[in-house]
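Letters go in sequence order (proteins before strands), and every chain restarts at 1.
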2 protein chains.
Amino acid sequence: MRTDTVYKKAFNRAANMLRDGQLAGELPSENELRRRMCVSRTTVRKVLRELVHRELITERHGLRSTGRPVSDNDYYPDAETTPRAKHVEQQFMEWMLRGDTRPGTSINELELARQFGVATNGIREFLIRFSRFGLIEKRPNTGWLFKGFTEDFALELFEIRVMFELRSAHLFSLQPDRSPLWSKLAALKTAHADLLERIESRFHDFSGLDNRFHRLINEASPNRFIDDLYDIITFIFHYHYQWNKQDEKQRNLAAIHEHIAYIDALESRNSTRVEVACRAHLASARKTLMRSLTRFDETSINA
Amino acid sequence: MRTDTVYKKAFNRAANMLRDGQLAGELPSENELRRRMCVSRTTVRKVLRELVHRELITERHGLRSTGRPVSDNDYYPDAETTPRAKHVEQQFMEWMLRGDTRPGTSINELELARQFGVATNGIREFLIRFSRFGLIEKRPNTGWLFKGFTEDFALELFEIRVMFELRSAHLFSLQPDRSPLWSKLAALKTAHADLLERIESRFHDFSGLDNRFHRLINEASPNRFIDDLYDIITFIFHYHYQWNKQDEKQRNLAAIHEHIAYIDALESRNSTRVEVACRAHLASARKTLMRSLTRFDETSINA
DNA sequence: AGCATGAACTTTATCCATAAAAAACAACTT
DNA sequence: AAGTTGTTTTTTATGGATAAAGTTCATGCT
């Protein structure tokens, strides 16, 4: 059966809004709520029905207003707000990156389905989606081949990344002064400086910033294929570093400094400087990844 | 129910082998056949059973030998030798490229499933696979958005293609003289010259040659992400030009000459020459595509 | 032991069913 | 007329079933 994660997530959001006082007094119309929560009115109505049922809101001659205060255990647990497909993704990535899955292993849809507790259909859809990341390959009528999250993979990925980023950075620096992206860049620079101040406690925040930064660079000259590659990078890094936290603070600190230098170079509009800063940053990112890869391999082997 | 296209295709191949005399006299073992036909032994046995049943081969105390001659209507029709997934692909591409499907149209899985006569699952799997081509986009819980086979798409694709090809061509030309790829290149050059001789009748053969050529260039410095882009290009061009045959001979003739110039440049190992020839060829390919796109639009509008 | 066939078992490709979510339609209200 | 809410219809997300194809095990023959 289809999961009702959309409803549950919407319910939790609504509960949050009630708690924050965003919905104090008389509630907005179903349509208005629908817009704010980005779900269909059908779902909004389901949420409202449940809110009434739990007396979190009251309804009197068609007028809805806030009811009793929201308590912590009114919320649905997080796991129930994530669709199956996402769970499959998470479990698969863990299986692949954490387990002792060696390059050359063949992937069995049925086995994964059993292991993850879903129908084979979901596994298959995930694998098809995932195959564009270049880590697995389909052999018709037979199964999938895991090619491995290897050094080769990382090298190939970074080779393309460098090409793309140099191109985008160059085009970014050629923008007219009046382009609104310059002020966005300045804002990002400030954000970097701020993070630097609070690095001790907030170093996890870097990955969000990193994303925004690299996506901003691409915004000056959009190209869907470049965006795609960046999706891959984001995805891979997200999961890889999620289980690989050695030196995280150190790593991020270095990267912040590189970013700032890179931003300065962009602002200088000097193409040589841009190239140097861009290459320096990517070289360092690659080195970090490679180091974590080999170390990762060792721990796997010894596990 | 799963289609038995694997069996039918294998059967046709076996029939062909019988007809060609490749299996004259006593037949090889099941395992040997399995290897030759690239299917499982289970399928081989099914084929053999049917061949016996139709008296195309005879079996006597476990010894199989050829039987009556193969007739034209022993073959299964082509349509029955293609798996559903492939049919979906073909029908979808036709729907997209030939119909009046405008950018911004939303794609309905259920409707396509009905239209193509398959289960929604097959449609969905195809769409997921196809989404990496950058022409459609998924909006969760809602459907797919067709972004259009537009000029923008072609421009973005070619921008990347140029970057990749310049990089690969450059690296190709840096190979040591003893690399075996040089002789492969020479062979391809001859093939081009041959095709030029028989261009009047054989101009369709160009696309195969084109593929081999560009893939060869990439072989010198493999990168899976570059191969991926080339898959996209191959796929798109295949379908686009399948229904868009204007000036085909003309187009291919020009391209052959460009390829030859490009090969000469590579053989000269002179990087400036390589770059010039490569750019010239890709610029021309882009122009051709763009022209066919606009013309294509017009015919669609008037259709 | 090594290869051939036969039989049993496992996995993939494909269809179908259904609850959840979205969209469309209808009827009211201001 | 535009925005509400109530109702119905359509579509997506997900599970389940099964024939075809692949793989493994068993048996027998040189």
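Under the 3.5 Å distance criterion, with hydrogens and angles disregarded, no donor-acceptor pair is assigned to the side chains of B:H214 and B:N218.
Considering only heavy atoms from C-beta on, A:H238 stays 4.5 Å or farther from A:N211 through its side chain.
In this structure, the side chain of B:T66 does not engage the main chain of B:L18 through any donor-acceptor pair within 3.5 Å. Although no hydrogens or angles enter the test, the distance criterion places a donor-acceptor pair under 3.5 Å between the side chain of B:E156 and the main chain of A:R224.
A salt bridge (charged side-chain N to carboxylate O under 4.0 Å, His left out) with A:E30 is found for exactly one of A:R35, A:R36, A:R41, namely A:R41. Here the options are B:T234, B:I232, B:D228, B:D227, the test is side chain to side chain contact (heavy atoms under 4.5 Å, CB included), and the partner is B:Y230; only B:T234 passes.
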For nucleotides 7-20 of chain C, just jot down a letter per nucleotide in 5' to 3' order: B, S or -, based on protein non-hydrogen atoms under 4.0 Å.
B---SBBSBB--BB
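Salt-bridge annotation for A:K8 and A:D78: absent, with no side-chain N of the basic residue lying under 4.0 Å from a carboxylate O of the acidic one.
Close approach of DNA chain D to chain A, defined as any atom under 4.0 Å from a non-hydrogen atom of the protein, starts and stops at D:dT4 to D:dT23.
Ring geometry for A:F126 against A:F130 counts as parallel: the plane angle stays under 30°, on a 0 to 90° scale with 60° as the upper cut.
Taking atom CZ on A:R34 and atom P on C:dA21, their separation rounds to 15 Å, with Å as the unit.
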